[in-house]
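Predicted model only: the values in this text are computed from it and were never measured. FYI, the numbering just counts along the sequence from 1. Computation of the quantities below employed the complete heavy-atom set of this structure, encompassing side-chain atoms and omitting hydrogens, waters and symmetry-equivalent molecules.
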Amino acid sequence: MIESSKNPIRFLYGMRDVRILCIGDMMLDTFVYGDVERISPEAPVPVLKLEDEKTMLGGVGNVVANLVSLGVRTSLICRVGDDAAGKRIRELLDGMGVEVRTSTVSDLPTTEKTRFISKNNHLMRMDRERVVEPDATELETVVAFAGDMLDDVSLVVLSDYGKGFLSRNLLTHVIRACRERAIPVFVDPKGLDYSKYAGATLIKPNRKELGMALGEELVLGDDTSLAAVIEQV
């Protein structure tokens with residue numbers, strides 16, 4: 001376990017003694033950079049002249065990248081499609097030294113978010129995705145992945161971006177398996193129904209997400225903590 005300490009340096013060094021398993025929605029973030037010098041004669045839209053293009057891991061992949069940058073031993077379970085974006089994700093993961101188990105769904109596109117940027121102006125974002133929950137076969141595969149990996153894990157992070165992979169059935173199986181092994185489960189939630197995370201150790205919404213789940217807008221004063229609001233409700 002990670003030793004509790006107010007000293008951030010000691011805390012970060014302690015992180016290197018654990019292994020964290022991340023499970024969640026994988027994405028490929030693509031950034032298309034260029035210059036806009038004119039408006040299209042075909043429609044009143046800017047014409048972006050391509051100058052550069054970069055890709056990086058998004059969704060649960062961003063969580064993994066951050067943990068690796070802190071020197072944390074990290075494992076990952078995710079889903080990708082049998083396509084170019086899925087191949088690129090595997091390439092990026094291969095260079096990180098992460099233990100990875102991927103569920104590859106041939107007829108499902110890898111979630112990809114493509115951002116078009118001119119100088120400091122974010123012109124548009126294009127999303128390529130299809131929200132589908134795991135079928136019985138995929139569920140069995142992913143649960144088996146988790147069963148194989150949990151014996152060497154100190155903490156599980158569930159990163160939910162609402163893309164369907166973390167279905168209620170999958171969450172139930174994973175959280176139950178963690179509780180049987182006394183492994184803490186931290187959740188970055190999505191959606192309005194937090195009951196699907198029942199049994200988790202910690203659920204971490206931001207203020208907007210918590211307000212939506214509670215059905216009311218949360219307005220915090222300078223002397224009011226989010227923890228105090230949660231205790232009141």
Side-chain angles (χ1 to χ4, degrees), residues 2 12-13 15-33 50-117 125-132 134-135 137-167 170 174 177-178 183 185-188:
I2 303 172
L12 291 176
Y13 273 106
M15 293 281 284
R16 299 182 180 185
D17 297 327
V18 305
R19 177 177 290 278
I20 296 179
L21 172 60
C22 298
I23 308 175
D25 292 309
M26 175 60 74
M27 307 178 198
L28 184 68
D29 283 341
T30 300
F31 296 84
V32 178
Y33 299 96
L50 178 64
E51 295 179 349
D52 193 15
E53 185 172 333
K54 296 180 180 179
T55 57
M56 62 184 65
L57 297 174
V60 69
N62 184 53
V63 178
V64 169
N66 288 333
L67 288 172
V68 170
S69 72
L70 294 173
V72 180
R73 294 184 300 144
T74 309
S75 301
L76 169 67
I77 298 175
C78 65
R79 168 206 272 169
V80 298
D82 186 15
D83 51 20
K87 180 180 178 181
R88 179 56 180 156
I89 285 173
R90 290 190 180 90
E91 291 173 350
L92 292 170
L93 289 170
D94 285 345
M96 297 172 61
V98 176
E99 180 185 6
V100 183
R101 303 285 181 90
T102 56
S103 171
T104 303
V105 182
S106 58
D107 60 347
L108 190 68
T110 301
T111 298
E112 183 175 8
K113 298 182 182 297
T114 304
R115 297 165 177 85
F116 298 88
I117 301 171
R125 192 182 86 183
M126 179 180 70
D127 290 359
R128 180 174 179 262
E129 64 183 28
R130 187 153 57 90
V131 177
V132 177
D135 60 18
T137 300
E138 185 182 15
L139 178 64
E140 182 178 357
T141 298
V142 175
V143 169
F145 286 166
D148 291 341
M149 302 172 81
L150 285 176
D151 289 338
D152 188 36
V153 166
S154 304
L155 172 71
V156 170
V157 174
L158 301 175
S159 190
D160 192 351
Y161 284 79
K163 307 308 177 187
F165 183 59
L166 291 184
S167 65
L170 179 56
V174 170
C178 290
I183 299 172
V185 179
F186 290 2
V187 180
D188 189 4

Engineer: Nearest 0.5 Å, what's the CD-OG distance between Glu140 and Ser103?
Structural biologist: 12.0 Å
Engineer: Flag the pair Leu21 / Val157 as yes when at least one side-chain heavy-atom distance between them is below 4.5 Å, and no otherwise.
Structural biologist: no
Engineer: Give a yes-or-no answer on whether the side chains of Asp83 and Thr110 include a donor-acceptor pair shorter than 3.5 Å.
Structural biologist: yes
Engineer: Would you confirm whether Thr141, through its side chain, and Leu139, through its main-chain N or O, come within 3.5 Å as a donor-acceptor pair?
Structural biologist: no
Engineer: Which atom pair, heavy atoms only, marks the closest approach of Gly86 to Val80?
Structural biologist: CA-CB, 4.1 Å
Engineer: Of all the heavy-atom pairs spanning Leu170 and Phe165, show the shortest one and how long it is.
Structural biologist: CD2-O, 3.1 Å
Engineer: Can Ser154 and Arg73 be counted as having a side-chain donor-acceptor contact under 3.5 angstrom?
Structural biologist: no
Engineer: Would you mind reporting whether Leu57 and Leu93 have side-chain heavy atoms less than 4.5 Å apart?
Structural biologist: yes
Engineer: Could you walk me through whether Arg79 and Glu138 pass side-chain contact (heavy atoms from CB on, under 4.5 Å), step by step?
Structural biologist: CA-CA 10 Å; Arg79 168 206 272 169; Glu138 185 182 15; 2.9 Å; yes
Engineer: Can you name the nearest heavy-atom pair linking Pro134 to Gly164, along with the distance?
Structural biologist: CD-O, 3.3 Å
Engineer: Does the side-chain contact (heavy atoms from CB on, under 4.5 Å) test come out yes or no for Leu28 and Thr111, once each step is laid out?
Structural biologist: CA-CA 6 Å; Leu28 184 68; Thr111 298; over 6 Å; no
Engineer: Test side-chain contact (heavy atoms from CB on, under 4.5 Å) on Thr55 and Phe31 and set out the steps.
Structural biologist: CA-CA 6 Å; Thr55 57; Phe31 296 84; over 6 Å; no
Engineer: Do you know which of Glu129, Lys113, Arg128 makes side-chain contact (heavy atoms from CB on, under 4.5 Å) with Met27?
Structural biologist: Lys113
Engineer: Quick check: do Leu158 and Asp188 have side-chain heavy atoms less than 4.5 Å from each other?
Structural biologist: no
Engineer: Please examine the side chains of Val68 and Asn66, heavy atoms only from C-beta on, and report whether any two atoms are closer than 4.5 Å.
Structural biologist: no
Engineer: List in chain and number order the residues that pass salt bridge (Lys or Arg N to Asp or Glu O under 4.0 Å) with Asp148, two or more places apart in sequence or in another chain; answer none if no residue qualifies.
Structural biologist: Arg101
Engineer: Please list, chain by chain and in numerical order, all residues satisfying side-chain hydrogen bond (donor to acceptor under 3.5 Å, both in side chains) with Arg115, sequence neighbours excluded.
Structural biologist: Asp29
Engineer: At their closest point, which heavy atom of Leu150 faces which heavy atom of Ile183, and how far apart are they?
Structural biologist: O-CD1, 3.4 Å
Engineer: Could you list the residues that satisfy salt bridge (Lys or Arg N to Asp or Glu O under 4.0 Å) with Glu112, not counting sequence neighbours?
Structural biologist: none
Engineer: Among Leu76, Val64, Thr74, which residue meets the side-chain contact (heavy atoms from CB on, under 4.5 Å) test with Val100?
Structural biologist: Leu76
Engineer: How about Val156 and Phe186: do any of their side-chain heavy atoms sit closer than 4.5 Å?
Structural biologist: no
Engineer: Quick one: are Asp160 and Asp25 in side-chain contact, heavy atoms under 4.5 Å?
Structural biologist: yes
Engineer: Taking the side chain as C-beta and beyond, is there a heavy-atom pair between Thr104 and Arg90 under 4.5 Å?
Structural biologist: yes
Engineer: For a quick check under 3.5 Å, do Glu99 and Ser75 share a side-chain donor-acceptor pair by atom type?
Structural biologist: yes
Engineer: Between Val142 and Ile77, is any pair of side-chain heavy atoms under 4.5 Å apart?
Structural biologist: yes
Engineer: Check Cys22 against Val63 and note the closest heavy-atom contact, atom names and distance.
Structural biologist: SG-CG1, 4.0 Å
Engineer: Any chance you could measure Asp135, atom CG, to Ser167, atom OG, to the nearest 0.5 Å?
Structural biologist: 10.0 Å
Engineer: Would Arg125 and Asp127 satisfy side-chain contact (heavy atoms from CB on, under 4.5 Å), going step by step from the backbone distance to the final call?
Structural biologist: CA-CA 7 Å; Arg125 192 182 86 183; Asp127 290 359; 2.8 Å; yes
Engineer: Say you draw a straight line from CD1 of Ile117 to OG1 of Thr114; how long is it, rounded to the nearest 0.5 Å?
Structural biologist: 11.0 Å
